[in-house]
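Remarks on the structure that follows.
All chains are named by letter (A, B, ...) in the order of the sequence lines, taking the proteins before the strands, and each is independently numbered beginning at 1.
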There are 2 protein chains.
Amino acid sequence: MSMDIENNPRPLRADAKRNLTKILDAAALVFAEKGLDATLDEVAAVAGVGVGTVYRRFPDKDALIGALFDNAIDEIVNLANTAPRHGDAWEALVWFLEEALQRQCANRGLRDVVVGSSFPIDRIEAAKQRLSPALAHLVENAQRDGFLRDDVVSADFPIMEMMISFLGNMTAHVAPDLWRRYLTIILDGLVVSRNSPSPLGALPDDTVMGEAMRSAHRHARRA
Amino acid sequence: MSMDIENNPRPLRADAKRNLTKILDAAALVFAEKGLDATLDEVAAVAGVGVGTVYRRFPDKDALIGALFDNAIDEIVNLANTAPRHGDAWEALVWFLEEALQRQCANRGLRDVVVGSSFPIDRIEAAKQRLSPALAHLVENAQRDGFLRDDVVSADFPIMEMMISFLGNMTAHVAPDLWRRYLTIILDGLVVSRNSPSPLGALPDDTVMGEAMRSAHRHARRA
DNA sequence: GATATACGGAGGTTATTGCTCCACTTTTTT
DNA sequence: AAAAAAGTGGAGCAATAACCTCCGTATATC
């Protein structure tokens, strides 16, 4: 990752190169956990370097975020292209949703990139352009082959993904796989017809919602 | 509403009483639209009064929020109690979900109260205590009568409500009824079995997601 | 050992938010 | 009608926080 930074006119000094990877790793970790409005001070702290060091490598916060998330976005776009290789039309669609959501649910920053603050909107627009046709194919194929109900459109899927990943981010540190439960329910709602429910994933502990809320509270109070 | 404020030892002066309602109306409007971290300056501006006036009536922001949302929460709790009067066990459950979500989707502040920042957690806990048994009955009845799949529990419902209302808040000013579409899909996933899909609500315009995102961006940039 | 490169992290700058204060206005009372 | 009581507005204070700069010191490279 970040090729364009790693081979400059003059190559980086050895320690600088080490620190750069430490920074990128730390940033990935911190942004995934806390979202894009984590501070670079926090990233620096986790990386074990000073803020100044971060700012020597990246002109500003957005540059670092950009470097990190261009990849993550591309990865998701690629999932849609790879999906048809994973079984029949229904299995392909499900595979894509599961893989994409696994990434989105584990990465709060990724949600912020798509939905929220401070990420150049044109890059998201561009990503959507690239994702769109592949997703449309997945949807159309699943409909053509009689799996997926006919009254949904491909635009429904990013929306449902947002919904689920919102939940996934909320419960990430309490019940990291809980979102699968609701994906299953939604898939059971998307299928043309069925005689019985599909098996659901992990049951929500009675305390899950409380814990998730409590941690949301804590997070809102900057802790 | 806010009885405890309107009849004090000494009654309010006529203009003060007028202003109080203006403030409460404005606060309801602003918090519903922008969520709980709208500023009281903004509330005052919409009410057409100065901030000072707001602070004479309410010791601080939390007091105003409390006064406003205690009612809203109670209202939702009551929905669960009233639900059984609206048809069979399935219809009652659906009625409750639709009514509750209609309120949650139209009111960003209500989501913040439940999930987020700065609302006394004990009051939410208390509300949950009161909601819990009624909701459990709705769920159990729907299961007993063979409508609702047996592998869901009543704790699933607040979670799914959160999911949907998150989307509802996001798309509120672009497509205020879009959430119903996904509620229908989820209900189709919750039913024990079915031969064909239920009719969905409004189709998402191709631009909906883009617009919703753009407005999220704008909102994040304080506009 | 000399030179270029990199580091750290205290603190400057700017923005925002919750809230206070008090000179002034409006209502009520006498 | 005038005094007293109650209320008003909104400039601005204090606190917080977030991004980023600066430069004396340390490390790598030649």
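Look at NZ on A/K61: it is 15 Å from P on D/dA17, rounded to the nearest Å. Distance A/D60 CG to D/dT21 C1': 13 Å, rounded to the nearest Å. Look at CZ on B/R57: it is 14 Å from C1' on D/dG9, rounded to the nearest Å. Following rounding to the nearest Å, B/K22 (NZ) and D/dG7 (P) show an atom-to-atom distance of 15 Å. For the pair A/F31 CZ and D/dA18 C1', the interatomic distance rounds to 12 Å; values are reported in whole Å. To the nearest angstrom, P of D/dA18 lies 8 Å from CG of A/D37. Rounded to whole Å, the distance from CD1 on B/I65 to C1' on C/dT17 is 13 Å. Rounded to whole Å, atom C1' of C/dA10 lies 15 Å from atom OH of A/Y55.
Exactly one of B/D112, B/D74, B/N107 qualifies for a side chain to side chain contact (heavy atoms under 4.5 Å, CB included) with B/F69. That residue is B/N107.
Taking the side chain of A/V51 as heavy atoms from C-beta on, and the options C/dA6, D/dG7, D/dC20, the nearest nucleotide is D/dC20. Ranking D/dT27, D/dG7, C/dG8 by closeness to the A/V49 side chain, first place goes to C/dG8. Listed candidates were D/dG7, C/dC19, C/dA6. Nearest to the side chain of A/R56 is C/dA6. With D/dC20, C/dC7, C/dT27 as the choices, the nucleotide that has an atom nearest any side-chain atom of A/D41 turns out to be D/dC20.
With hydrogens and angles disregarded, a donor-acceptor distance shorter than 3.5 Å links the side chain of B/K61 to the backbone of B/L36.
B/V77 and B/A127 make their closest contact through CG2-O, 3.9 Å (heavy atoms, listed as atom of the first residue, atom of the second, distance).
When the side-chain nitrogen and oxygen atoms of B/T53 are compared with OP1 and OP2 of D/dG7, none of them lie within a distance under 4.0 Å. One finds a side-chain N or O of A/N19 lying less than 4.0 angstrom from the OP1 or OP2 phosphate oxygen of C/dC7. In terms of phosphate contacts, B/R13 brings no side-chain nitrogen or oxygen within less than 4.0 Å of OP1 or OP2 of C/dT26. For the pair A/R18 and D/dA28, the criterion of a side-chain N or O lying under 4.0 Å from OP1 or OP2 is met.
Take B/R103 and apply the salt bridge (Lys or Arg N to Asp or Glu O under 4.0 Å) test, not counting sequence neighbours, and it matches B/E75, B/E99.
Place B/A14 and B/L40 on DNA chain C by their nearest nucleotides, and B/L40 ends up nearer the 5' end. Mapping B/A38 and A/D15 onto DNA chain C via the closest heavy atom, the residue that lands nearer the 5' end is A/D15.
Other residues, nucleotides and ligands contribute at most 12 non-hydrogen atoms within 6.0 Å of the NE2 atom of A/H137.
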